[in-house]
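First the structure, in the form of structure tokens, and then the observations on it.
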Amino acid sequence: MDLTHVEDDLELDQTLFTEEQIVSRLKEMAADIERDYEGKDILLVGVLKGAVMVMADLARSLDRHVEMDWMAVSSYGSGTKSSGVVRILKDLDTDLQGRHVLIVEDIIDTGLTLSWLITNLRSRGPASVEIATLLRKPEAQQMEVEVKYVGFDIPNAFVVGYGLDYNEQYRNLRCIGTLSPHVYS
């Protein structure tokens, strides 16, 4: 879906990143990953559902074989706020023992769920666990999470597109934009 289908739902002039900018940045991140993991096998772990687009394009930008697996977790609390209480909805199919794991995320917001996920995955005996995210909101972080690969730092705004949703909509928008408050208030 392109911007013309939802432009009334986005803040005026709030397309943060075009598809071309996103793909270009993912290629740059892939080059860094190639260098850092030279001679090592990587297991990419995507966090469903939001990371699907990022994981696909990041994996296609790598000039090597990679194994991929998926995990779905839910953080719930009151309303739209995360409590940091996490439940695994879909676990990995892959044994992590001795593996180099790269968690692929669409966005890091509070860091609460990701902090729990890192602890959980590290308890499974991997050789390493690192994080790659397309977006990070430094102002929203409540839990310090070390992220090795960051696409873009963004303001603390409600963004959609390229896997990010509101009420399961906008995921297939090819760019990333700021959702207008009239849509979600």
Side-chain angles (χ1 to χ4, degrees), residues 17 22-77 82-138 140-154 159-165 168 171-172 176:
F17 306 104
I22 295 165
V23 169
S24 175
R25 183 65 186 118
L26 288 172
K27 286 180 181 180
E28 292 170 359
M29 290 169 64
D32 292 340
I33 292 165
E34 292 275 358
R35 182 191 65 241
D36 294 346
Y37 286 91
E38 187 174 341
K40 299 175 184 172
D41 292 329
I42 308 171
L43 171 65
L44 300 179
V45 172
V47 182
L48 293 172
K49 299 179 189 172
V52 170
M53 309 301 185
V54 176
M55 178 100 139
D57 286 346
L58 180 64
R60 287 189 294 221
S61 295
L62 293 167
D63 291 326
R64 57 169 34 228
H65 293 288
V66 291
E67 193 174 337
M68 292 188 270
D69 203 344
W70 297 92
M71 194 166 193
V73 295
S74 173
S75 176
Y76 52 92
S82 169
S83 67
V85 177
V86 181
R87 186 170 56 114
I88 296 174
L89 303 176
K90 187 243 178 265
D91 206 346
L92 298 172
D93 297 323
T94 308
D95 180 6
L96 300 187
Q97 188 67 41
R99 304 292 306 268
H100 293 283
V101 176
L102 182 59
I103 300 169
V104 179
E105 272 281 24
D106 53 348
I107 190 167
I108 297 174
D109 203 322
T110 63
L112 294 171
T113 302
L114 191 55
S115 175
W116 179 90
L117 182 59
I118 293 165
T119 301
N120 180 284
L121 296 183
R122 285 186 176 148
S123 74
R124 302 180 192 199
S128 66
V129 176
E130 299 291 350
I131 303 164
T133 187
L134 180 60
L135 304 174
R136 177 176 60 184
K137 293 183 182 179
Q141 279 191 262
Q142 297 175 19
M143 180 73 70
E144 189 62 37
V145 178
E146 187 176 328
V147 182
K148 189 158 188 173
Y149 308 100
V150 177
F152 305 100
D153 280 329
I154 63 169
V159 294
V160 294
Y162 209 79
L164 298 152
D165 77 304
E168 292 300 323
R171 285 192 198 280
N172 60 328
I176 294 174

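We number each residue from 1, following the sequence as shown. Remember, predicted model here, so these are calculated numbers, not experimental data.
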Beyond-backbone contact of E105 with V54, side-chain heavy atoms, under 4.5 angstrom | no

Roughly how far, to the nearest 0.5 Å, is the CD atom of Q141 from the CG atom of L114?
-> 9.0 Å

When you check the gap from the basic side-chain N to the acidic O, do D57 and R25 get nearer than 4.0 Å?
-> no

Measure the spacing between CD1 of I118 and CD of E146 and express it to the nearest 0.5 Å.
-> 8.5 Å

Scanning both residues in full, the closest heavy-atom pair of V150 with M29 reads C-SD, 4.1 Å

Between V104 and A51, what is the shortest heavy-atom contact and its length?
-> O-CB, 3.3 Å

Can you check side chain to side chain contact (heavy atoms under 4.5 Å, CB included) on W70 and D93, steps first, answer last?
-> CA-CA 8 Å; W70 297 92; D93 297 323; over 6 Å; no

Identify the residue among T113, L89, I88 that makes a side-chain contact (heavy atoms from CB on, under 4.5 Å) with S74.
-> L89

So which heavy atom on A59 is nearest to which on M68, and how close?
-> CB-SD, 4.0 Å

Work out which heavy atom in T94 is nearest to a heavy atom in L43; give both atom names and the distance.
-> CG2-CD2, 3.9 Å

What pairs with D91 under side-chain hydrogen bond (donor to acceptor under 3.5 Å, both in side chains), at least two apart in sequence or on another chain?
-> R124

More than 12 heavy atoms from other groups under 6.0 Å of NZ on K90 = yes

Grab the two heavy atoms, one from M71 and one from L92, that are nearest each other, plus how far apart they are.
-> CB-CD2, 4.0 Å

Let me see the working for L164 and L135 under side chain to side chain contact (heavy atoms under 4.5 Å, CB included), right down to the final yes or no.
-> CA-CA 10 Å; L164 298 152; L135 304 174; 3.5 Å; yes

Would a 4.5 Å heavy-atom cut-off, applied to side chains only, mark I42 and R64 as touching?
-> yes

Can you tell if the side chain of Y162 reaches within under 4.5 Å of the side chain of V23, non-hydrogen atoms only?
-> yes

Quick check: are there more than 12 heavy atoms from other residues, nucleotides or ligands sitting under 6.0 Å from CD of E168?
-> yes

Apply the test side chain to side chain contact (heavy atoms under 4.5 Å, CB included) to residues I131 and I108: give CA-CA distance (whole Å), side-chain angles for both, the deciding distance (0.1 Å), then the verdict.
-> CA-CA 10 Å; I131 303 164; I108 297 174; 4.1 Å; yes

Counting distance only, does the side-chain N/O of S115 pair as donor-acceptor with the main-chain N or O of L112 below 3.5 Å?
-> no

Step by step, work out the salt bridge (Lys or Arg N to Asp or Glu O under 4.0 Å) result for R99 and D69.
-> CA-CA 12 Å; R99 304 292 306 268; D69 203 344; over 6 Å; no

Give a yes or no on this: more than 12 heavy atoms of other residues, nucleotides or ligands lie within 6.0 Å of atom CG of D41.
-> no

Heavy-atom pair with the smallest gap, counting every atom of H100 and A127 = CE1-CB, 3.6 Å

Residues R60 and D63 bridged, charged N to O under 4.0 Å = no

For the pair R136 (side chain) and G151 (backbone), establish whether a donor and an acceptor sit closer than 3.5 Å, ignoring hydrogens and angles.
-> no

Kindly write out the residues that satisfy salt bridge (charged side-chain N to carboxylate O under 4.0 Å, His left out) with D165, not counting sequence neighbours, or none if the list is empty.
-> R171

Partners of F17 by ring-ring contact (aromatic ring centres under 6.0 Å, His included), sequence neighbours excluded?
-> F152

Could you tell me whether K49 atom NZ has more than 12 heavy atoms of other residues or ligands within 6.0 Å of it?
-> no

Contact check, side chains of D36 and K148, non-hydrogen atoms, under 4.5 Å | yes

For the pair L62 and E34, evaluate side chain to side chain contact (heavy atoms under 4.5 Å, CB included) and give the outcome as yes or no after the intermediate values.
-> CA-CA 7 Å; L62 293 167; E34 292 275 358; 3.6 Å; yes

I33 and L102, any side-chain heavy atoms less than 4.5 Å apart = yes

Does some side-chain heavy atom of I176 sit less than 4.5 Å from a side-chain heavy atom of L134?
-> yes

Quick one: are D106 and T133 in side-chain contact, heavy atoms under 4.5 Å?
-> no

Quick one: does I154's side chain get under 4.5 Å of I107's, heavy atoms only?
-> yes

